Amino acid sequence: MEKSGVAIVGLGTVGQGVAKILLDHGDRTGRHAGRTLWLTHAVVRDVNKPLDVDLPDGILTDDLQKLIDDQSVQVVAQVIGGIEPARTIMLQLLESGKDVVTANKALLAEHGPEIFDRARQLGRSVAFEASVAGGIPIISNISQCLSGNQVQSLHAILNGTSNYIISKMDGEGADYAEALADAQALGLAEADPTMDVDGTDAAQKLAILAHLGFGARVHWSDIPRRGIDSIAKSDMEFAKHLGYRLKLIAYAELVESGIQLMVAPMMVKIGEPLAEVKANYNAVSVVGDAVGPVFFHGQGAGQMPTASAVVADMIDTAVGRTAITFKTLELWAQDNKRVDFASPGDLEGRFYFRFDVVDQPGVMGQITGRLGQHGISIASVYQHESRNENQQTVPIIIMTHHAPESAAQAAMKQILDMPTVADTAERFRILG
Ligand code: NDP
Ligand code: HSE
């Protein structure tokens, strides 16, 4: 069978997974690409760093130029993380006439327009299925399979590390630091896991999906975001008691005045598909105006699920499919319109409030009164009695009916001004 030379730049978690599939399963690339994708270069920074994959002699190199000069290699998986040198290497590969496959959403979310425009000028392509939701083929589904639709809403779990951590804390009672260390050991987390747990990674992925699904350019840093790093375990327990789970939700909704976008921990009703997404799994729930609701679920982080998406892109690129979609989709064209953000204050929703209050007569009435003044109707109230006589405050949990974000914010501010309410209060949206 014919062979096409391919290369990998970066042999970390994902790169080694890609190498394993290419080396161990050449029959698969042969079957789907009509030619074997033959690994000829694996470029690393340090050739002495131990690897989990056995590479044939002559493949491992720290000389990027050798790959750039090799005209027999058309497709390169560029799987190093972060912005630089990833950006420069990406541009060098394109300039040298190669098509690039990447999993690096941080790079695309930051420099997508520059990279995609340059690739177009050069007649090259960039494929990035692995950049969002790991092994779930969400990029091709949204940009191709659902292209007859206007996406109306997209609610998703897009960060495997955060979902792994909250699943361990919620399901097994693990503590935060222990669960994060496990996620790192499993190769789920970014080199800097702050980006996973503070909502940055999910916002970068949401920016990519918002571009594909809603046809407008959004910079990830303009997306309001909060991560799981500030969630108290007690709120997870209260949520469970009330029939909900806290999940880090990437939220996009088309409304009259524009698109609502945010990343935040939200309460999801137990039994709803997104509430049941566990461990390193991701899920994307999309509503299209023609198709209606569609749900995607699979491993969103980890070596082999991510490598699965990278190799599929390498095959699509080798056979020329990527070139066609890349050309027709006009992804991240510099002149794409910028999205109109709907005003966050208008965003209606249900809310979970926790107020830590002094246990004395009248406090509950004052709190519910203030919510009422802002037009917020209460759906349920839950209060524990003090666990012991030294406890200074007791938590009151209030779930509301639908109300505007601006009303929820204003009521909370007013309640926090009460001398009987501690400043440790919490507020989450309830999804749905
Ligand atoms: P790792 O940190 O495990 O691997 C990155 C590799 O790139 C490291 O081996 C690093 O080398 C290497 N590298 C850095 N700079 C260079 C360079 N100049 N030349 C050659 N190699 C270089 O990250 P992952 O494999 O986990 O992630 C790679 C990309 O894939 C990231 O963008 C990430 O966001 C994305 N991704 C990761 C997923 C996952 O589950 N892990 C899932 C989906 C996407 P060194 O070891 O010397 O630093
Ligand atoms: N660190 C990312 C996550 C990897 O945990 O989801 C997948 O993009």
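Whatever order the structure lists them in is the order used to number ligands and atoms, beginning at 1. Everything numeric here is computed off the predicted structure, so don't read it as measured data.
For Tyr176, there are no ring-ring contact (aromatic ring centres under 6.0 Å, His included) partners, not counting sequence neighbours.
With hydrogens left out, the protein atom closest to atom 43 (C) of ligand 1 is Thr306 CG2, 3.3 Å, a heavy atom. Regarding atom 27 (O) of ligand 1, its nearest protein heavy-atom neighbour is Val14 CG2, 3.9 Å. The nearest protein atom to atom 3 (O) of ligand 1, hydrogens excluded, is given as Thr13 N, 3.0 Å; this is a heavy-atom distance.
The closest approach between any non-hydrogen atom of Gln303 and ligand 1 is not below 4.0 Å. The shortest heavy-atom distance from Leu11 to ligand 1 is under 4.0 Å. Not a single heavy atom of Gly134 sits under 4.0 Å from any atom of ligand 1.
Salt bridge absent: Glu110 and Arg87 never bring a charged side-chain N and a carboxylate O closer than 4.0 Å. Ion pairing of Asp201 with Lys205 is present here, as a side-chain N (NZ or NE/NH1/NH2) and a carboxylate O approach within less than 4.0 Å. Comment: Lys269 does not engage Glu272 in a salt bridge, judged by the lack of any side-chain N to carboxylate O separation of less than 4.0 angstrom.
With hydrogens and angles left out, the side-chain atoms of Thr102 and Asn104 include no donor and acceptor closer than 3.5 Å. For the residue pair Asn163 and Lys278, no side-chain donor N or O sits within less than 3.5 Å of a side-chain acceptor on the partner. Side-chain contact, Gln299 with Asn282: no donor N or O sits under 3.5 Å from an acceptor N or O.
The nearest protein heavy atom to atom 9 (O) of ligand 1 is closer than 4.0 Å. Per-atom contact check: atom 34 (O) of ligand 1 touches the protein, criterion being a heavy-atom distance below 4.0 Å.
Using a 30° and 60° split on the angle between ring planes, Tyr352 and Phe428 fall in the tilted class, from 30° to 60°. Ring geometry for Phe353 versus Phe351: interplanar angle of 30 to 60°, hence tilted.
Numbered from 1 in the order shown, with element, the atoms of ligand 1 that lie under 4.0 Å from a heavy atom of Gly12 read 3 (O), 4 (O), 6 (C), 9 (O), 25 (O).
Residue contacts with ligand 1: Asp46 is placed with no nitrogen or oxygen under 3.5 Å of a nitrogen or oxygen of the ligand (distance criterion only).
At a heavy-atom distance under 4.0 Å, atoms from both the backbone and the side chain of Ala301 approach ligand 1.
Within 4.0 Å of ligand 2, contacts by protein heavy atoms are made from Lys105, Leu158, Asn159, Gly160, Thr161, Leu188, Ala189, Glu190, Asp196, Asp201, Lys205, Gly300, Ala301.
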